[in-house]
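Owing to the predicted nature of the structure, the values given are computational and were not obtained by experimental measurement.
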Amino acid sequence: MVKKEDIRLDSEELKREIRRMLEAKRGVLLAHYYTIGDIQNIADFVGDSLALARKAAATDAEVIVMCGVHFMAETCKILSPEKTVLCPDLNAGCSLADSCSAEDLKKFKDEHPGYKVVSYVNTTAAVKALTDVVVTSGNAKKIIDSFPKDEKIIFGPDYNLGSYINSFTGRDMLLWNGGCHVHERFSVGEIKKLKKAHPEAVVMAHLECKAPVLALADVVGSTAVMLKYAQESEKKEFIVATEAGILHEMERTCSGKRFYPVPPEVSEGGVGCSCNECQYMKMNTLEKVYNCLLTGGPTIEVEEEIREKAVKSIERMLELS
C-alpha cells in the first residue's frame, strides 16, 4: 500500500492540483509580486499590498489563499471575516511589521496626545486597531495630503517612507524608527556600479529604500508604480532597487527589455548580505499551497474586538485611495 506521505508530485502536477482544489473549494489564490514565479503564474491575482487588499475586500470566493506574508493574510481576514483565509506558512512574517508592536505603539500614542496615527500596511492587526488610517507606498502621499497641514501625525513603522513624505510635503510627522530588512540593504555604491555598467538604464527604487538611494533614482514609487513605468516606457534597460521577485512580472510583461536587480550592500569585510530577496515571501511554495488547500490550514483568525477597530483604518484607506 502506498502511504500518503510517500506520494510526491512534481511542480506541474502540483499546479494542476492546486487549481483543481481552488475550483472545488470556490477558492481564490492571491499572490504578492515578491513571491516565487511559479506561484505568481498560477495565482488568480498578483499585485502589491493595496491591490491585494482591494481584491480581498471585493472577492466573492469562499476561501482566500494569501501568498505573501502574515500581515497580508490578516488584512484579508479583517476585510472578509466570513471567509476562510489560508496562509501557506505562518512563519512568513515581516521585519517591518515586527519593528512596531501594539504595546509600544500604544505607549507612544499615550505620550503624544492629540496626534493622528497613520500606519503603513506592513503592520499587525493589533497595530492597525490603534491606527486612524492605513497607507501603502502607493497611496501614502495622497492620504497624508488629505490631512490638514497643521495636523499632528505619528507615522510608522517605515522610517524611510515617512522621511520621504516629510521631505516631499514639508510636513513634520513623528516617525517610527522601523525598516524593511531587504530595502535597507540597497546602497548607493552598488547602484553606481550598475549605472556605470549600464549607463542608459533607468534607476527605479522603492520608497522603503534609504534617502541616498532614492536620490539616485529616476523613478521612485511602489512596486506597482515601477511596473507600470517599465511597461509604458520606451527605455529598454532598468536598474531595480526593490525585492527581486518583481522582476518576474516585469520580464513577463515587458518583452525585449532588460532588468538588473540591485545586489545587497557589501560589508567592510567584503561579505555581502545573503540576497536581495525576502526570505519570508519565499516561504510560500507550491508544496505549502497544495498542503494548505488539502488540509484546510493553517487558517488566519483575528479577534473580533481587534478586527472591528482595525477594519476602520483599512476601510478609511480604501475610501481615500
Side-chain angles (χ1 to χ4, degrees), residues 32-37 40 46 48-49 69 94-96 99 120 122 137-138 140-141 158-168 175 177-283:
H32 194 275
Y33 288 129
Y34 294 163
T35 54
I36 62 173
Q40 293 186 48
V46 182
D48 63 2
S49 295
V69 291
C94 172
S95 59
L96 188 49
S99 72
Y120 197 29
N122 297 46
S137 55
K141 181 185 177 297
D158 192 276
Y159 180 88
N160 293 331
L161 175 58
S163 180
Y164 176 83
I165 294 172
N166 271 347
S167 65
F168 204 84
L175 305 182
N177 191 26
C180 167
H181 72 291
V182 174
H183 291 91
E184 288 282 329
R185 297 172 182 170
F186 298 125
S187 73
V188 167
E190 295 300 325
I191 293 175
K192 285 183 175 179
K193 289 178 186 177
L194 279 171
K195 189 66 176 174
K196 185 176 181 179
H198 309 283
E200 298 302 313
V202 175
V203 178
M204 302 194 293
H206 196 280
L207 285 161
E208 292 176 22
C209 295
K210 296 176 182 178
V213 169
L214 297 181
L216 281 180
D218 304 297
V219 177
V220 174
S222 65
T223 48
V225 166
M226 289 187 281
L227 177 61
K228 186 173 187 291
Y229 182 88
Q231 291 168 339
E232 297 178 352
S233 175
E234 295 181 357
K235 296 287 187 177
K236 297 297 183 182
E237 294 184 296
F238 303 86
I239 294 167
V240 185
T242 191
E243 209 276 353
I246 187 63
L247 269 68
H248 178 78
E249 185 68 3
M250 287 179 170
E251 291 170 346
R252 188 185 73 82
T253 60
C254 300
S255 178
K257 298 183 180 182
R258 299 292 299 275
F259 299 92
Y260 309 107
V262 178
E265 185 174 15
V266 177
S267 68
E268 292 181 3
V271 180
C273 298
S274 60
C275 62
N276 52 7
E277 296 183 338
C278 174
Q279 67 265 37
Y280 300 116
M281 286 285 186
K282 269 49 180 184
M283 286 181 176

Expected output: side-chain Glu277 to main-chain Gly245 donor-acceptor under 3.5 Å: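 Looks like no, no N/O pair under 3.5 Å.
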
Side chain to side chain contact (heavy atoms under 4.5 Å, CB included) evaluation trace for Asp218 with Tyr229: CA-CA 11 Å; Asp218 304 297; Tyr229 182 88; 5.9 Å; no

Aromatic ring pairing Tyr260/His198, orientation class (parallel under 30°, perpendicular over 60°, tilted between):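 Geometry flag for His198 against Tyr260: parallel rings.
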
His183 and Phe186 aromatic ring geometry - parallel, tilted or perpendicular at 30°/60° bounds: perpendicular

Mind checking the [atom1]-[atom2] spacing from [X] to [Y]? Nearest 0.5 Å is all I need.
X	Y	atom1	atom2	result
Tyr120	Ser137	OH	OG	3.5 Å
Ile239	Lys193	CD1	NZ	13.0 Å
Cys180	Leu207	SG	CG	12.5 Å
Gln231	Lys257	CD	NZ	8.0 Å
Thr242	Met250	OG1	CE	8.0 Å
Asp48	Glu249	CG	CD	11.5 Å

Quick check: do [X] and [Y] have side-chain heavy atoms less than 4.5 Å from each other?
X	Y	result
Met226	His206	yes
Arg258	Lys236	no
Tyr164	Val220	yes
Pro263	Leu194	yes
Ser233	Phe238	yes
Thr223	Tyr34	yes
Glu208	Asn122	yes
Val262	Asn276	no

Side chain to side chain contact (heavy atoms under 4.5 Å, CB included) assessment of Asn160 paired with Ser163: CA-CA 5 Å; Asn160 293 331; Ser163 180; 5.7 Å; no

All salt bridge (Lys or Arg N to Asp or Glu O under 4.0 Å) counterparts of Glu243, not counting sequence neighbours: Lys282

Minimum-distance pair of heavy atoms, taken over all atoms of Ala205 and Leu214: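 Answer, listing the atom of Ala205 first, then Leu214: CB-CD2, 3.9 Å.
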
For the student: nearest non-hydrogen atoms of Gly179 and Asp158, plus distance: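 Scanning both residues, the minimum pair turns out to be CA-OD2, 4.2 Å.
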
Partners meeting side-chain contact (heavy atoms from CB on, under 4.5 Å) with Ala140 (sequence neighbours left out):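 Checked Ala140 against side-chain contact (heavy atoms from CB on, under 4.5 Å); matches are Val135, Leu161, Ile165.
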
Side chain to side chain contact (heavy atoms under 4.5 Å, CB included) evaluation trace for Lys192 with Ser187: CA-CA 9 Å; Lys192 285 183 175 179; Ser187 73; over 6 Å; no

Sub-6.0 Å ring centroid separation between Tyr280 and His32: no

From CA spacing to verdict: side chain to side chain contact (heavy atoms under 4.5 Å, CB included), Val69, Met281: CA-CA 6 Å; Val69 291; Met281 286 285 186; 4.0 Å; yes

